[in-house]
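Given the structure is predicted, the values throughout are model-derived calculations rather than measurements. Residue numbering restarts at 1 for every chain, and letters A, B, ... go by the order of the sequence lines.
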Amino acid sequence: MTRLTGSAGRRPAVAVAVTVALVVGAIVSSAGVVAADDASVRVTGADGGTSLEGTDGERFNLTVTANATNVSAYQAVLAYDPEVVEVVSVSGTDEFDDPVANVDEEGGRVAFNQYRSSTVGDPALATLTVEVVGSGGNWTPIAFVESETELSDDVARERGIGRFDGLTVTVVSEADATEAVVPGFGVTTALAAGATTYGYLYWRRR
Amino acid sequence: MRFNSAPSQWVRVTGDTDGSGRDGASADTTGISRRSFVRIGATAAGVPLLASATGGGSATEPNTSGAVTDASDTEPDTAGEQWTVVALPDTQYFTVNDRWYRFAIDQVDWIVENADAENIVFVTHEGDIVNEGNDPTKWVWMDAALSELDGVVPYSTLPGNHDYAETGVRRSGLDAYTTYFGASRFDGYEWFGGTGPGDEEANSYQLFSAGGYDFLHLALEWEPRDVTLQWAQSVLNRHPERPTLLTTHSYLTDGNAERDTRGDEEADGDEEADGGELNPGRTRYVQEADGDGNGGEAVWRKLVEPNAQVFAVLCGHFHENDGEYHQTSENRDGLTVYELLANYQAREATGFDRLRLLTFVPDGGEDAPDRIEVHTYSPHLAEYEVNADSHISFDLDFEDRFSASLPSRSPGDVDGDGDVDDDDVELVQRYLADRDVELDRDVADANRDGEVDITDVVEIANERGSR
């Protein structure tokens, strides 16, 4: 079961805090990097969300995209806590073939790159499938290693990236997930049961 | 009377040195004979200037303060088997009128007459053979002038911007150039390597020997294209053991290396006096009309720097200051490359017939065992020009420099198999993806930006097919 919660998830305090921290971090880091270039990269969930929650064993598809013109090649490295997620696979997109990739399972790092013969604007660079591991309450950012993430045009000029947006993945327990999936089920049941009991007792007193 | 039609006679001219006072021996545009012109240089035939300039007494050399001194005062040590390479800067203005044409005759005649005494082993023309590439008459003139070298000494030509049918427009073609100075002119000589790329004849290479070393010379077109550089690389790869001298028309400027402050046609020869900024060096721009080619810096980066065997680059073309500039650079292997610009066309009397002499003097060095002595000499004036840019000495160890011509992999040939292909691209991609790959970072840094990254993947992918 997968729930894309954005900033309104079950653990809003943690998720929002992490998301805000990442965004702030991205803004701060961009200030002194490539001020003249507005290119950006981001990794998002299937619906574009920036935080995910899932139970142990759940898999998510993440998309790495670039907001930039004249992109002919990229290299990217994402870092994460391997106690929280595992990278299952890295694959290509409509714009880029399957990348040359390597997953460092122990180090929590996935590096991948690819090129194409022509340029493209705002491309999807790669798709990652990750699996949630570990126990409920743990979370991890999946963040770009900025010094190792680059874009290139078709004449081997680096396109400066001014903004790097990652996401967070939070592990929830099965029980929490169950409760959270049908909010209010227990109350409804209790109310129904209570009403039923009250009706039965009322009927018996008559 | 300063004109004499007898080819064996020599006349010393003490006035009217630009030839303007000459009576009119005009070139016959339909059947010119170089012997209809009289060499008026002062050097007696057969009297060597550098190797044993003790006789004749006419060779003079200005000292660094501008005074004229006898050449024998500064002649190099003649011990050992020294040898000389002659560079002919732009001769284009020699074809403007028949008075100046005699300078072309004088240059070549001096070379012929002194070939043995100076041990001249090679002559390289630096391009702009003529001023108007679409004027067949002028090609006949220069054909006649340079033909005296045939059978005397190995030599090369290459097209400058004025040698194209339309000056500075590559697509206008080189029909006249190839007619007179294409492969067919040189095919019979064993020292002639060939032309390229493909069936083109704008570029050539030559093989000659001197001092116990076997040399390679590359003569490359004005602002050589990528395909030309790839062809040149293939020649280097076939002769990795040969120390190499490269000549190309435009490479260094004595004006502004960063920006083309004015077109070549507008230059009057004194950039500084015109208020222009002097920032000499390898050009970082392309002047070709369609931007089709490589400037000096790109030629350095793509061809010279990565090939250890290339020890010197000669060029002409620019004359923004005084038409002279030189520098030394360190190539990728940490070896010195000597880079020299000479072009005297903008000087008085189109520079007379100044030429460059690169004399290799074994055991002639002070800071190192050997020396390359660069002289600027005018056969017509019988004078050396000696200033910081005209008389230059480079001390080096011939054995080290010329034996260090180990084959150097071309940028992007990461796997070292002699070509650039998909395997090289993949190898760098795997390296970037943290795979367990060891590679030569210098070679993998194909775009020479100091780091190996995805831009090198693009650069190598773009270079696939080159060797």
Side-chain angles (χ1 to χ4, degrees), chain A residues 34 37 39 41 64 66 68 70-80 87 89-92 96-120 123 125-126 128 144-161, chain B residues 225-227 229-230 284-286 291-295 297-298 301-302 306 410-415 420-439 441-466:
Chain A
V34 186
D37 200 307
V41 290
V64 180
N70 298 322
V71 178
S72 182
Y74 71 89
Q75 68 178 73
V77 176
L78 291 168
Y80 54 89
V87 174
S89 66
V90 186
S91 56
F96 283 92
D97 290 341
D98 288 346
V100 176
N102 188 56
V103 179
D104 177 358
E105 294 179 352
E106 292 184 0
R109 174 186 158 93
V110 55
F112 49 103
N113 65 81
Q114 190 51 283
Y115 74 97
R116 49 179 283 155
S117 58
S118 59
T119 60
V120 63
L125 305 175
L128 282 70
F144 289 98
V145 177
E146 297 181 12
S147 62
E148 298 179 70
T149 301
E150 291 182 14
L151 302 174
S152 173
D153 67 12
D154 59 344
V155 290
R157 291 179 303 200
E158 183 179 350
R159 294 291 324 277
I161 302 174
Chain B
R225 297 159 293 164
D226 282 342
V227 67
L229 298 180
Q230 290 165 9
R284 295 177 181 271
Y285 46 83
V286 172
D292 180 20
N294 285 280
E297 182 62 25
R301 183 168 59 82
K302 295 178 180 179
S410 59
D413 180 16
V414 184
D415 59 8
V420 179
D421 56 18
D422 289 341
D423 294 339
D424 300 300
V425 176
E426 182 182 348
L427 203 56
V428 178
Q429 283 196 271
R430 289 166 58 84
Y431 173 81
L432 295 177
D434 291 343
R435 300 283 181 86
D436 186 19
V437 173
E438 290 186 6
L439 47 72
R441 288 180 57 88
D442 283 341
V443 177
D445 181 16
N447 65 355
R448 309 296 299 147
D449 66 353
E451 58 185 45
V452 178
D453 58 15
I454 194 64
T455 61
D456 297 301
V457 170
V458 175
E459 181 80 11
I460 295 169
N462 290 342
E463 293 296 321
R464 280 175 297 187
S466 64

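For A/Phe96, the ring-ring contact (aromatic ring centres under 6.0 Å, His included) partners are A/Tyr74, not counting sequence neighbours. The salt bridge (Lys or Arg N to Asp or Glu O under 4.0 Å) search around A/Asp154 returns none, not counting sequence neighbours.
Using a 3.5 Å distance cut-off with no hydrogens or angles, the side chains of A/Gln75 and B/Gln429 do not pair a donor with an acceptor.
Between chain B and the residues A/Arg109, A/Arg116, A/Glu148, the largest count of heavy-atom pairs under 4.5 Å involves A/Arg109. The residue among A/Asn113, A/Asp153, A/Leu151, A/Val100 with the most heavy atom pairs within less than 4.5 Å of chain B is A/Asn113.
Scanning all heavy atoms of the two residues, the minimum distance from B/Asp434 to A/Ala111 falls at OD2-CB, 3.4 Å. For the pair A/Ala73 and B/Val458, the tightest heavy-atom approach, listed with the atom from each and the gap, is CB-CG2, 3.5 Å.
Atom CD of A/Glu150 sits about 8.0 Å away from atom CD1 of B/Ile454, to the nearest 0.5 Å.
With a 4.5 Å cut-off on non-hydrogen atoms, A/Arg157 touches chain B through its backbone but not through its side chain. Both the backbone and the side chain of B/Asp453 come within less than 4.5 Å of a heavy atom of chain A. When heavy atoms are compared at a cutoff of 4.5 Å, A/Asp104 does not approach chain B at all.
Distance alone, capped at 3.5 Å, places no donor-acceptor pair between the B/Glu459 side chain and the A/Ala156 backbone.
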